[in-house]
Trainee: 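Below: one structure in structure tokens.
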Number of protein chains: 2
Amino acid sequence: MATKPKRPTVHDVAREAGVSVATVSRALSRPKDLKKETLDHVLKVVRATGYRSNQMAVQLRTGLSRTLMVLVSDITNAFYAEFFKGIEDYARSRGYILLIGDTSQDAQSEQDYFGMLSANKADGLLWNVDATPAELGQGTIADLLGGHPLVLCNHNTEIDAPTVRIDNDLGGRMVAEHLLDLGHRAFAEVAGPLEHDSIRRRHDGFNAALAEAGVTVPTDGQLGGALGIETGQAAARQITAMETPPTAVFAHNDAIAIGLLHSLPKLGLRVPDDISVVGYDDMPYACAMTPELTSVRLPRRRWGAAAAKMLISVLEGSETGTPEVAIPPEFKRRESSAPPRQN
Amino acid sequence: MATKPKRPTVHDVAREAGVSVATVSRALSRPKDLKKETLDHVLKVVRATGYRSNQMAVQLRTGLSRTLMVLVSDITNAFYAEFFKGIEDYARSRGYILLIGDTSQDAQSEQDYFGMLSANKADGLLWNVDATPAELGQGTIADLLGGHPLVLCNHNTEIDAPTVRIDNDLGGRMVAEHLLDLGHRAFAEVAGPLEHDSIRRRHDGFNAALAEAGVTVPTDGQLGGALGIETGQAAARQITAMETPPTAVFAHNDAIAIGLLHSLPKLGLRVPDDISVVGYDDMPYACAMTPELTSVRLPRRRWGAAAAKMLISVLEGSETGTPEVAIPPEFKRRESSAPPRQN
DNA sequence: GTGAAAGCGCTAACAA
DNA sequence: TTGTTAGCGCTTTCAC
């Protein structure tokens with residue numbers, strides 16, 4: 001643990017190099033302000049001494065941490081992996097690093113993380129909002145965050161901030177159009193929690209597109225629950241129990257779809273022969289299901305990168321409004337959807 | 001953007017409360033050093049002014065960032081999600097936050113992150129090593145990290161540091177024993193990159209247990225490749241092309257197993273009737289495959305928590321050796337493995 | 001129990 | 001082009 005021998009500071013380097021601390025600082029941050037000779041010399045000493053600037057001091061001095069806080073409700077969700085990567089890639093290309101936090105849908109954790117932002121542990125926040133925080137009543141979001149800027153990764157009507165989200169209306173619509181094209185007219189929908197904007201929109205888009213074709217989802221075909229495998233399994237039981245089951249189901253995410261794929265056949269409905277199943281998200285394993293799952297691919301990496309870019313633009317002053325950009329998803333047709341049987 | 005009105009500092013609070021800055025600082029960090037009266041008064045002013053300490057200053061002054069850096073080679077891998085959560089949970093309970101970095105198996109990125117550690121962006125490092133960094137030749141790992149402590153989450157013979165890893169020898173052994181118990185004697189193994197310690201060990205454990213039963217994997221049954229679905233698909237082709245295919249396959253992770261599950265039936269071998277498949281990792285979707293995948297469950301969350309605990313112990317001085325703890329996995333029997341057919 | 005004051009290591013005016 | 005110097009906001013001796 002060579003942690004004892006105190007690390008060299010600008011002063012050490014300055015003394016060693018026979019220049020002032022300012023020169024050392026400049027050599028590192030604005031090299032072109034120095035005579036090439038001096039620069040080379042200082043840099044050599046820097047290397048010789050193994051000097052590394054102490055970011056704690058830099059941060060205090062500049063007021064910048066070059067750190068982005070990323071908040072999601074469940075870091076455990078594989079869904080976010082690519083999203084993080086997109087953020088990380090762009091952020092790092094701009095010299096920022098990531099503080100990733102999991103709020104677990106818990107108001108206290110959320111507050112804690114907001115507190116860290118206020119305490120300048122990060123310069124800005126990338127937030128995948130699920131629910132509007134309760135504390136928001138007591139002030140604006142900017143107060144909560146200590147004035148640090150925020151970019152939302154989900155739409156939220158009660159928070160006024162730049163937003164970079166997936167175009168879920170379009171996603172839902174894509175599913176409807178695909179299924180209609182195949183000839184389906186009898187549908188079921190297994191929804192997630194509709195109070196979440198991103199869920200609501202895939203629902204709205206789906207149903208709007210159906211409505212335009214003169215079709216509606218019957219009441220008993222409107223199922224839903226949490227965004228998990230079990231919801232799909234439960235839905236499969238409900239669907240197979242119906243007198244005239246739908247010929248196509250739209251699951252609000254791939255986990256639900258997997259639950260369907262897994263349970264429907266066991267309960268007597270083959271996919272896609274008897275019933276088509278379309279998922280949403282296009283998780284990595286969607287294409288390895290049996291049958292391969294038709295899904296809506298969300299460009300999660302691009303999404304993360306766009307959000308990071310937006311936040312950094314705000315931080316660096318080149319973005320001042322509160323734009324809302326919606327990233328279009330992409331439809332992935334696979335084996336789990338097919339034309340309905342003729343009967 | 002209420003970012004203009006400069007935030008209150010200890011001085012502001014001190015003036016407002018009619019005490020010294022020292023007293024304000026104490027009120028926040030060591031309340032019991034103050035007369036209850038003073039304390040209450042200061043705290044009231046703190047609340048009134050909305051004061052929040054500036055962590056940048058605290059860090060510089062104390063030399064502590066209360067931040068843990070976590071480095072993995074691919075943040076995109078769903079495998080890490082639960083691992084992160086375990087780290088986050090424990091870390092946060094101890095007042096630490098997480099800086100998560102993705103090295104992309106890239107030496108430069110790795111160096112960059114090490115540099116940030118040296119620059120005190122974090123107090124310590126939790127590292128899921130894949131390969132020993134090339135730069136290690138030029139000095140000890142402690143130098144590279146600026147003297148900050150490190151806990152490895154994978155064994156690495158060339159780096160001497162406390163390690164908290166999964167007991168992969170045991171995992172591999174569990175698979176062999178399960179399959180032997182079922183009556184299998186003809187095996188194939190689809191391995192990952194054996195240069196990784198965690199992969200090597202599941203291989204070693206598996207083969208050692210087979211050897212003890214007097215069985216070996218024939219040469220043409222020793223397959224392998226990257227830890228992805230495609231490797232499983234390719235292996236399925238090789239296996240089905242064999243004159244006498246094995247009755248059981250051990251896939252080094254679930255992705256490979258999924259590739260097998262997906263491709264074997266298409267090529268004429270039913271799972272588990274003709275051939276048993278056992279995966280490794282027990283990813284969330286393993287139990288939703290058709291057939292449900294028998295796998296080795298890695299307690300990833302517990303693993304992360306244990307690693308975080310170890311690192312914080314080192315940081316706070318209560319752990320000084322270089323212990324190596326191996327966390328035992330758990331066997332999950334499901335549908336994809338069954339006794340071999342009698343023939 | 002409380003205050004005064006000395007920095008932590010760095011950057012950025014301002015001077016020279 | 002380079003140096004001097006004043007802090008950034010906080011914690012922590014050391015006095016009182």
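First the proteins, then the strands, lettered A, B, ... as listed; each starts at 1. Note that the structure is predicted; figures quoted are calculated from it, not measured.
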Trainee: Within this structure, what is the CE-to-C1' distance between M56(B) and dT11(D), rounded to whole angstrom?
Mentor: 18 Å

Trainee: Let me see the working for E324(A) and T322(A) under side chain to side chain donor-acceptor pair (under 3.5 Å), right down to the final yes or no.
Mentor: CA-CA 7 Å; E324(A) 171 157 351; T322(A) 57; over 6 Å; no

Trainee: Is it the case that the base of dG9(D) and the side chain of R61(A) share a donor-acceptor contact (distance under 3.5 Å, atom types as modelled)?
Mentor: no

Trainee: Could you walk me through whether D197(B) and R165(B) satisfy the salt bridge (Lys or Arg N to Asp or Glu O under 4.0 Å) test, starting with their C-alpha distance in whole Å, then the side-chain angles of each, then the deciding distance to 0.1 Å, before giving a yes or no?
Mentor: CA-CA 10 Å; D197(B) 182 79; R165(B) 61 177 178 84; 5.0 Å; no

Trainee: How many whole angstroms separate atom NZ of K32(A) from atom C1' of dT2(D)?
Mentor: 18 Å

Trainee: Rounded to whole angstrom units, what separation is found between the CG atom of L64(B) and the P atom of dC10(D)?
Mentor: 17 Å

Trainee: To the nearest angstrom, how far is D33(B) atom CG from dA15(D) atom C1'?
Mentor: 16 Å

Trainee: Both L60(A) and L39(A) contact DNA chain D. Which one's nearest nucleotide lies toward the 5' end?
Mentor: L39(A)

Trainee: If I take atom NZ in residue K6(B) and atom C1' in nucleotide dC10(D), what distance separates them, rounded to the nearest angstrom?
Mentor: 13 Å

Trainee: Under the criterion side chain to side chain donor-acceptor pair (under 3.5 Å), I'd like the reasoning laid out for N156(A) against T132(A): C-alpha separation, chi angles, the key distance, then a yes or no.
Mentor: CA-CA 7 Å; N156(A) 183 298; T132(A) 312; 3.0 Å; yes

Trainee: It should be established whether T9(B) places a side-chain nitrogen or oxygen under 4.0 Å from OP1 or OP2 of nucleotide dG9(D).
Mentor: no

Trainee: To the nearest Å, give me how far apart CZ (R30(A)) and C1' (dT1(D)) are.
Mentor: 13 Å

Trainee: Determine the interplanar angle of the F114(A) and W127(A) rings, folded into 0 to 90°, and report it as parallel if under 30°, tilted if 30 to 60°, perpendicular if over 60°.
Mentor: perpendicular

Trainee: At less than 4.0 Å, is any side-chain N or O atom of T38(A) found next to OP1 or OP2 of dT2(D)? Yes or no.
Mentor: yes

Trainee: Please evaluate residues D102(A) and F84(B) with respect to the criterion side-chain contact (heavy atoms from CB on, under 4.5 Å), reporting the C-alpha separation (whole Å), side-chain torsions for both, the decisive distance (0.1 Å), and the verdict.
Mentor: CA-CA 10 Å; D102(A) 176 333; F84(B) 290 147; over 6 Å; no

Trainee: Report the distance from atom OG1 of T103(B) to atom CD of Q111(B), rounding to the nearest 0.5 Å.
Mentor: 12.0 Å

Trainee: For T23(B) and for V21(A), find the nucleotide of DNA chain C with the closest heavy atom, then tell me which residue's nucleotide is more 5'.
Mentor: T23(B)

Trainee: Taking the side chain as C-beta and beyond, is there a heavy-atom pair between I312(B) and L68(B) under 4.5 Å?
Mentor: yes

Trainee: Tell me, please, the opening and closing nucleotides of DNA chain C, 5' to 3', among those with an atom under 4.0 angstrom from a non-hydrogen atom of chain A.
Mentor: dG9(C) to dA13(C)

